[in-house]
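Values reported hereafter were calculated over all heavy atoms of this structure, with side chains retained and with hydrogens, waters and symmetry mates removed. Below, read A as the first sequence line, B as the second, and so on, with proteins coming before strands; counting in each chain starts at 1.
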There are 2 protein chains.
Amino acid sequence: MSSKPTMRDVARKSGLSIATVSRVINFPDQVPAETAKVVTAAMAYLNYRPNINGRRLKMTHTRTVGVVVPTLANPVFATAVQGIEQDANAKGLTVLLTSSNYDPEREMGAVSALLNNRVDGLILTLANADNNPVVDLLLAEKIPFVLLFNQPSRADIAAISVDNAQSAYDITTAMIAKGHRSLAMVAGHFESSDRSRQRYDGFCRALDDAGIPQKNLVQVRFDEADLVGPLGALLCGPEKVTGVVCSTDMLAIAAMNACRAHGLSVPDDVSVGGIDGISVGGLITPKLCSAVQPTQEMGRQALAFLRGLIKGQANPQSLLLPHHLSAGESIGSYRGTDQHCSST
Amino acid sequence: MSSKPTMRDVARKSGLSIATVSRVINFPDQVPAETAKVVTAAMAYLNYRPNINGRRLKMTHTRTVGVVVPTLANPVFATAVQGIEQDANAKGLTVLLTSSNYDPEREMGAVSALLNNRVDGLILTLANADNNPVVDLLLAEKIPFVLLFNQPSRADIAAISVDNAQSAYDITTAMIAKGHRSLAMVAGHFESSDRSRQRYDGFCRALDDAGIPQKNLVQVRFDEADLVGPLGALLCGPEKVTGVVCSTDMLAIAAMNACRAHGLSVPDDVSVGGIDGISVGGLITPKLCSAVQPTQEMGRQALAFLRGLIKGQANPQSLLLPHHLSAGESIGSYRGTDQHCSST
DNA sequence: ATGAAGGTTTGAAACGTTTACATTGGCGGA
DNA sequence: TCCGCCAATGTAAACGTTTCAAACCTTCAT
């Protein structure tokens, strides 16, 4: 009696067989109301709880999905996971969460662990979606999976993202349109994020289209909050950068902070733009101008897509969702470089 | 061959018994190196993956912990979960994540689902920790659990939190020390969060200690980003509130935004303080002054504590962690109420 | 030669489900 | 009366592990 009651106990208590109890639980309509009542009463009396692990062992699917993101410390991923999680729970799916900290080794470890859990499918944001052993593994094992935020070059693997290069192109172009000619990009390390590189490509293309040869780039850790040092040379050096495009909104917020630390006003002295569209961006001053992606919706869509793959109803394909520039205040018109860098 | 290889297959392949294979996996040192090598080779050859669900069914513990938080959209919870998740994965524990959206019914549903998964223990942030059916259920079922952020009145249930009332007291007092006498609190709905009420209590106590009778309170939804309306009456009405204490940093950021929408400068016209200490608070301008809690560390501690409970090495008890006021710029000296509310 | 000791290995019974298949019993039609 | 059918229920074999008790060697002292 000390251990948890099992279906067998319920069967005994209700004077019926274990098969009938199972049917009451799984196919209530295949069983007479009277019988169902008896069984339900027994279950309530015994405080019975189905052991999902027993079920999982027997059934071919586990009604479980694995999620791997770089970190929850960046609201972009937290928001996406929030979307995934909400819908998953509404559908009775269990979410197994892991974060990789942008580390490919940990990505593999996490996926491996999730496969051992026999997840029905996976939603992942990988450091680099191309030539990725994790992707190869998943394809080999024929496990349904959807990449989220990644924008792989292969078209035959499922992925939900915005057009990263175009996002960066758009925000950069907006800055150029305001007269800025000396621009820099602050990006997370490329090896930690293919998005980062793709966004840098878009940045470069925008400069090329505007005939600006000089392309400044500073790569930083994604969780770097202190950009005072990294940005110092660009803002205060000979370049006198007046426009800073950041590969993420988190970096953009840190960049604005760094500008002020150098005695520069945003957007009067320096314009700053981000990419992602995290919600705090819209609340701060100056309002962050950003290439916004529908983050939470993307999480939802990734799950919906994954469910389709699991049911075999859909084929893997990449989906590009539309982004838009937010009407921010962090990008202003070029006003010269007179008052640059009061403090170093 | 189409299905996944099992331990039986590995046993057959290596010419050994299933029991030996199991021992190689779980107790490699109880097995001669030679045998281990043979088995490992077979596993590699067959691409064997242990099915954790089989193990879970047999074993009394599942090496799985459930996590329930209100939402990941608030960085406080995301950060805490990040802490939990990192350590859990390092220890080989699987994390089952659910969010309740501050809804007690969904809390119960989530916990119920997690119990069906036979989690070894739970970490939860509940809307209200006192007289909570979820807590009763968990106690009745003798499932180890740790409350996180909740500060229950019972001392015999495990909880990791800061002193919520004192946090609010401190930030309020800091504001009063700057000369503010007309204060208001913006708090999330009390029925969604006992922290919210506890913090309001601290706010009131601070006012009492300062001999200020007028206690303004506006309750809002936690995900409310637009406080322009809710704060309008207080900022522009007869009260001419010059100090706004918010029950969370997210609300504080929204409040600063609302102040500016009313044409008021922070901190020149209105001071704003928050509670939580989310990291963006330190990056924005003005730097948010907040009662900071060690969020990620709290997640880690909750997990460590939970593991102790699971092993039976610890007894449930409430732990109060220290908080501190951040040196922010969002609280300034009282300068009168001349220039109040340029735009409504 | 015999047996005890001890290191390896194995057989088989769980764990809590699901489900294909067998059984039961009641009822209508021939 | 008998047959067949159908709905309701039951039987038992999986699913992939872990683990206890038993069996099987070697080796070695007697």
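Here the P atom of nucleotide D:dA8 and the CD atom of A:Gln30 are 10 Å apart, to the nearest Å. With rounding to whole Å, A:Met7 atom CE is found 12 Å from D:dG10 atom C1'. As rounded to whole Å, 14 Å separates atom C1' of D:dT17 from atom CE of B:Met43. Rounded to whole Å, the distance from CG on A:Asn51 to C1' on D:dT17 is 14 Å. As rounded to whole Å, 15 Å separates atom C1' of D:dT18 from atom CG of B:Asn53. Rounded to an integer number of Å, the gap from CG of A:Leu16 to P of D:dA7 is 19 Å.
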B:Val10 and B:Leu46: side chain to side chain contact (heavy atoms under 4.5 Å, CB included), yes or no, with the steps?
-> CA-CA 7 Å; B:Val10 176; B:Leu46 294 174; 4.1 Å; yes
Could you check B:Leu96 against B:Val119 for side chain to side chain contact (heavy atoms under 4.5 Å, CB included), going step by step and ending with a plain yes or no?
-> CA-CA 8 Å; B:Leu96 271 41; B:Val119 292; 3.8 Å; yes
Passes side chain to side chain contact (heavy atoms under 4.5 Å, CB included), B:Thr94 versus B:Asn89? Steps please.
-> CA-CA 7 Å; B:Thr94 301; B:Asn89 275 72; over 6 Å; no
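Read 5' to 3', the first and last nucleotides of DNA chain C with an atom closer than 4.0 Å to a heavy atom of chain A are C:dG16 to C:dT19.
For the side chain to side chain donor-acceptor pair (under 3.5 Å) test with B:Arg56, the passing option among B:Asn51, B:Thr64, B:Asn117, B:Thr62 is B:Thr64; the others fail. Across B:Asn128, B:Val68, B:Leu124, a single residue satisfies side-chain contact (heavy atoms from CB on, under 4.5 Å) together with B:Val134, and that is B:Leu124.
For the OP1/OP2 pair of D:dT11 and a distance below 4.0 Å, the side-chain nitrogens and oxygens of A:Ser17 include no atom meeting the criterion. Contact annotation: A:Thr20 does not reach the phosphate of D:dT9 (side-chain N/O to OP1 or OP2, under 4.0 Å).
A perpendicular orientation is assigned to the rings of B:Phe149 and B:Phe77, their planes being inclined by more than 60° (bins at 30° and 60°).
In this structure, B:Ser22 reaches the bases: a heavy-atom distance under 4.0 Å links it to at least one base atom across the strands shown. If you check every strand for non-hydrogen atoms under 4.0 Å, A:Thr60 touches nothing. Here B:Arg49 lies in heavy-atom contact (under 4.0 Å) with sugar-phosphate atoms only. Within 4.0 Å of B:Arg56, counting heavy atoms only, lies no atom of the nucleic acid at all.
Taking the side chain as every heavy atom from C-beta outward, B:Leu122 and B:Leu114 approach each other to under 4.5 Å.
Comparing A:Leu57 and A:Ala19 along DNA chain C, the residue whose closest nucleotide (by nearest heavy atom) sits nearer the 5' end is A:Leu57.
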